[in-house]
Amino acid sequence: MKDEAKANPSILALIELKPADMMEAFCAEHPVTRDAEARDGIEVVLTSGARGLSGEEIAEFPDLRLIAVNGVGTDAVDLDAATARGIHVTTTPDVLSEAVAELALGLAISVRRRIGEGERLLRSGGWSNGQKPRLGQALTGCRAGILGYGRIGRALADMLRALGGDVIYHARKPHDDAPEAWRPDTRTLAAESDVLFVTLSATPETRYIVDAPVLEALGSEGTLVNVARGSVVDSAALAAALHGGTLGSAALDVFEVEPVAPDGAEDGLLRAPNTLFTPHIASATNEARRAMAQLVIANIDAYLAGSPLPSPVTPA
Ligand code: 8YV
């Protein structure tokens, strides 16, 4: 790469692409800076679904033309501010759907079969001291409700069908090509499910779409699994439902405030019974992250070449 371009980086990386060799190759072949204060001359910002780029930040970049998101969630990107300035936004759809669905499945099996609880009983010596592990609940054959029927919801439905249970879903409208049955609203979906999987996008309309009445409908034997965003679940209502026994169990990979501090805002939730928590790792596999990095770089290269962008979310 010409020294002149290296001297005047036009790409700001706010995140590190993984695996590391992808970031090394990216920086070797592109005019990249990691200087978070850089503004002038920055045409491209590389960010993540979790980090995003706010309207205030977008306003600080006079030359910005592309926001390349390493992820599918755009809730942390001010799309209106980007569109108003004709700034492109790209994401990495499809390449992470199976990884996210796989973790959702793993969380459901782990919390219902009390895998974490059993592991703690063994490591604490409780089992060797005669304590008996508690019985769990099967996932095989149970009624699974999927809230949100996009790429991740569909990938999850495919996996759940193999477990032989009924799979139903709620989305804004029924999907004609869906083998599963549609339910008209979230509470009806919860009432007819043993496990409610949350995969829908976080928007102002979906904030707290899983609230106390929905959790009550899911019931004292029911399980909630969230691999979408923390903002779609009212976590105070969730903590109360778990502590009160109106909801059976919950497994979360995303939270209203991330990262979660052990004694922080989600304290009540972290101390709730029958729970399992992971630190926003749904797409965190070598396979998915490498494919995400390849797609991010493909979008940036297309922009630099003036070619059509592979996966734009804002009108190209
Ligand atoms: C990533 C995500 O963890 O796709 C998303 O929106 O939240 C996750 O895939 C995140 O983008 C970090 O790169």
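Computation of the quantities below employed the complete heavy-atom set of this structure, encompassing side-chain atoms and omitting hydrogens, waters and symmetry-equivalent molecules. Index from 1, following the sequence. Atoms within each ligand, like the ligands themselves, are counted from 1 in listed order.
- Remark: A298 engages P310 in a side-chain contact (heavy atoms from CB on, under 4.5 Å) (not counting sequence neighbours).
- Judged purely by distance below 3.5 Å, without hydrogens or angles, the side chains of T91 and S311 never pair a donor atom with an acceptor atom.
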- Task: Could you walk me through whether L147 and H170 pass side chain to side chain contact (heavy atoms under 4.5 Å, CB included), step by step?
- Result: CA-CA 5 Å; L147 181 55; H170 171 63; 3.7 Å; yes
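- In this structure, the side chain of D253 engages the main chain of A282 through a donor-acceptor pair within 3.5 Å.
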For ligand 1, output the ligand-protein N/O contacts shorter than 3.5 angstrom; if there are none, return none.
{"from": "ligand 1", "atom 1": "3 (O)", "to": "R289", "atom 2": "NH2", "distance (Å)": "3.0"}
{"from": "ligand 1", "atom 1": "4 (O)", "to": "V72", "atom 2": "N", "distance (Å)": "2.8"}
{"from": "ligand 1", "atom 1": "6 (O)", "to": "V72", "atom 2": "N", "distance (Å)": "3.4"}
{"from": "ligand 1", "atom 1": "6 (O)", "to": "G73", "atom 2": "N", "distance (Å)": "2.7"}
{"from": "ligand 1", "atom 1": "6 (O)", "to": "R229", "atom 2": "NH2", "distance (Å)": "2.7"}
{"from": "ligand 1", "atom 1": "7 (O)", "to": "R229", "atom 2": "NH1", "distance (Å)": "3.1"}
{"from": "ligand 1", "atom 1": "7 (O)", "to": "R229", "atom 2": "NH2", "distance (Å)": "3.1"}
{"from": "ligand 1", "atom 1": "7 (O)", "to": "H280", "atom 2": "NE2", "distance (Å)": "2.7"}
{"from": "ligand 1", "atom 1": "9 (O)", "to": "S283", "atom 2": "OG", "distance (Å)": "2.8"}
{"from": "ligand 1", "atom 1": "11 (O)", "to": "G49", "atom 2": "N", "distance (Å)": "2.8"}
{"from": "ligand 1", "atom 1": "11 (O)", "to": "N70", "atom 2": "O", "distance (Å)": "2.8"}
{"from": "ligand 1", "atom 1": "13 (O)", "to": "N70", "atom 2": "O", "distance (Å)": "3.0"}

- Message: With salt bridge (charged side-chain N to carboxylate O under 4.0 Å, His left out) as the criterion, how do R154 and D177 come out once you've worked through the C-alpha distance, each side chain's angles and the decisive distance to 0.1 Å?
- Response: CA-CA 11 Å; R154 287 166 180 265; D177 63 348; 3.2 Å; yes
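- With hydrogens and angles disregarded, no donor-acceptor distance shorter than 3.5 Å links the side chain of N299 to the backbone of P312.
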